[in-house]
Amino acid sequence: MKHISLGTPNPKQAEFLSDTHRYVAFGGARGGGKSWAVRVKAVLLALRFPSIKLLIIRKTLTELRNNHITPLSELTNGFASYSETKKELIFSNGSVIRFGYCASSSDLTQYQGSEWDVIFIDEATQLKEEWFDQLKVTVRGVNDFPKRVYITCNPGGVGHGWVKRLFIDRIYKEGEDADDYSFIRSLVSDNKALTDKNPDYAKQLASLPPKLKKAWLDGDWNIFEGQFFEDLIDDPAHYSDRRFTNVIEPFEIPPDWNIYRSFDWGFSKPFDCSWWAVDFEGRAYLILQLYGSNGVPNEGLKWHSDKVFGEIHRIETEHRWLKGKKILGVADPSIWSQDGGEPIIAAADRHQVFFQKADNSRIPGWMQVHYRLAFDDEGKPMLYFFNTCKHALRTLPLLQYSKTIPEDLDSDQEDHFADSLRYFCMSRPISPKKATKYILPSADPLNLLSSEKYKPFSY
Ligand SMILES: Nc1ncnc2c1ncn2[C@@H]1O[C@H](COP(=O)(O)OP(=O)(O)OP(=O)(O)O)[C@@H](O)[C@H]1O
Ligand SMILES: [Mg+2]
């Protein structure tokens, strides 16, 4: 007789594995052992009910492969075989686990019309409510197998609202029965397997800005509102508990620091061109900015593309920090699109202002900005802004969380500098700091706050 070794669940996972509600949600925080629990529950059902039909959904195929297809194929080796064409794991007892991704409405058509006994949706908060509604009606059939939907979730994502309503707030519409819904809260601290193997993981979560930390470490669902960059400290005098700052007086840029340029084009709004100096430790300084507005967003309309790039070229050939430098540029990928006329990038080329396409992923990009804004134990962030860059400092603190994608920012606002900043940060990604301390004895260890002068490499 062959044996399969599924491992030992932690107490929260054990609750999940034995929960028989029609809709079971597991999670609340990062790293709680959710994907593990999905895999194990799927195998247990497949072995217990020969010929059962199971579907595991994840947003993208890559995530599906990494989290489920590969580990499940390994786990069930000898009991089941995987068909790549069908994306199915077929057990020798006739049970089937089908793997599905769902990144857009059209992906859903793959699963409609079919019948499933149990569906698992890993990271359900990445899915829209209408997709969930379409998926859940495919759980049906005339056999006696259990009919259930298991989901895992973290606060945030396009599905934040519906998951919170059904499983946290427990507010139900007509046709939804409160008794059908169960929520098991799991935190990273519940997952000993992870905290033993990777003790830094919780520390990394702890170094996030307060709201994200409350969401991803504490599993708090009520936090995504108000100022998006709450971790930007523009003037420590405004805070009783903060001594350090991201905003400094300009100083002379050492000639051998690298210079970068980031660009966001405003199709109907302002544009931003930001220049960054990077020191030998990878610390970035926003040193100069050209912005197509002076507080009135539509002022940007006055700028046509040739004027913008002509001006950028002029600044780069004349300014003492920039002239003669090899400047690496990243720009909003949409300026490559043609849309009938000449793409904006053609005007940039005409003026010898060259760009690479920026990585435009929003949430990873904002995480990079947060990582850079955070202060290390000596009070140094990886990102400073010269206080002369007025549009950066005017717009950044005003930005608010999005109402629809909770951990994103509301893009109806004046977010051009923020986007440009994000492109820059994504071009030079860093790891999060281990710890963030705001209260330290010395007010300004770099002595940068008061320094107008060129301070070479004394820090
Ligand atoms: N009971 C267990 N026994 C052994 N390893 C486990 C167990 N539970 C979780 N793990 C391991 O801990 C790590 C994190 O678990 P998992 O990926 O399931 O967490 P998660 O909640 O899905 O995380 P995320 O929020 O990042 O998606 C993985 O390496 C997983 O294999
Ligand atoms: Mg997971």
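Just so you know, ligand 1 is whichever comes first in the structure, and atom 1 is the first atom listed for that ligand. Fair warning: this is a prediction, and the values are worked out from it, not measured in the lab.
- Minimum interatomic distance between Leu194 and Gly31 (heavy atoms only, all atoms of both residues): CD2-O, 3.5 Å.
- At a distance under 4.0 Å, a protein heavy atom can be found next to atom 2 (C) of ligand 1.
- Cys389 pairs with exactly one of Val247, Leu286, Leu396, Leu288 by the side chain to side chain contact (heavy atoms under 4.5 Å, CB included) rule, that one being Leu286.
- Stacking of Lys164 on the aromatic ring of Trp221 is not recorded, the 6.0 Å distance cut-off and the 45° axial limit not both being met.
- Any N or O atom pair closer than 3.5 Å counts here, and Gly32 shares at least one such pair with ligand 1.
- Here Lys192 pairs with Asp196 in a salt bridge; the nearest charged N to carboxylate O distance falls below 4.0 Å.
- Nearest to atom 4 (C) of ligand 1 among the protein's heavy atoms is Ala193 CB, 3.6 Å.
- Residue, atom and distance of the protein heavy atom nearest to atom 14 (C) of ligand 1 are Asn191 ND2, 3.4 Å.
- Only the side chain of Arg39 comes within 4.0 Å of ligand 1, judged by heavy-atom distances.
- Pairing each heavy atom of Leu383 with each of Trp276, the nearest pair is CD1-CZ3, 3.6 Å.
- At the top of the distance list for atom 29 (O) of ligand 1, counting protein heavy atoms only, stands Lys197 NZ, 4.0 Å.
- Counting atoms of ligand 1 from 1 in the listed order, those under 4.0 Å from a heavy atom of Thr8 are 1 (N), 2 (C), 3 (N).
- Of the protein's non-hydrogen atoms, the one nearest atom 8 (N) of ligand 1 is Gln13 NE2, 2.9 Å.
- Look at Arg283 and Glu281 and you find a salt bridge, because one of the NZ, NE, NH1 or NH2 atoms lies within 4.0 Å of a carboxylate O, short of that distance.
- Annotation: Lys34 places an N or O atom under 3.5 Å from an N or O atom of ligand 1; distance criterion only.
- Protein heavy atom in closest approach to atom 24 (P) of ligand 1: Gly31 N, 3.5 Å.
- The shortest N or O to N or O distance between Asn67 and ligand 1 is not under 3.5 Å.
- Looking only at protein heavy atoms, the nearest one to atom 30 (C) of ligand 1 is Trp36 CD1, 4.3 Å.
- Here Glu15 does not pair with Arg185 in a salt bridge; the nearest charged N to carboxylate O distance is not below 4.0 Å.
- Near the Mg ion (ligand 2), less than 2.8 Å away, sit the protein N, O or S atoms Ser35 OG.
- Taking the six-membered ring where the residue is Trp, Trp366 and Phe228 present perpendicular rings, their angle passing 60° and hence far from 30°.
- Donor-acceptor pairing under 3.5 Å is lacking for the side chains of Asp180 and His21.
- Taking the six-membered ring wherever Trp is involved, the centroid distance between the rings of Tyr172 and Tyr181 falls below 6.0 Å.
- Note that Arg58 lies outside the cation-pi zone of Phe99, set by a 6.0 Å cut-off to the ring centre and a 45° limit from the axis.
- Distances from atom 17 (O) of ligand 1 to the heavy atoms of Gly7, Ser35, Ala37, Pro71 show the closest one on Ser35.
- Counting heavy atoms closer than 4.0 Å to ligand 1, residue Tyr201 contributes side-chain atoms (C-beta onward) but none from N, CA, C or O.
- When every heavy atom of Asp190 is checked against every heavy atom of Asn10, the shortest pair comes out as O-ND2, 3.0 Å.
- When side chains are defined from C-beta on, Leu44 does not count as touching Arg48, because their heavy atoms never get closer than 4.5 Å.
- Heavy atoms of Glu123 approach ligand 1 to within less than 4.0 angstrom.
- Between the choices Gly33, Ala29, Ala14, the shortest heavy-atom distance to atom 19 (O) of ligand 1 belongs to Gly33.
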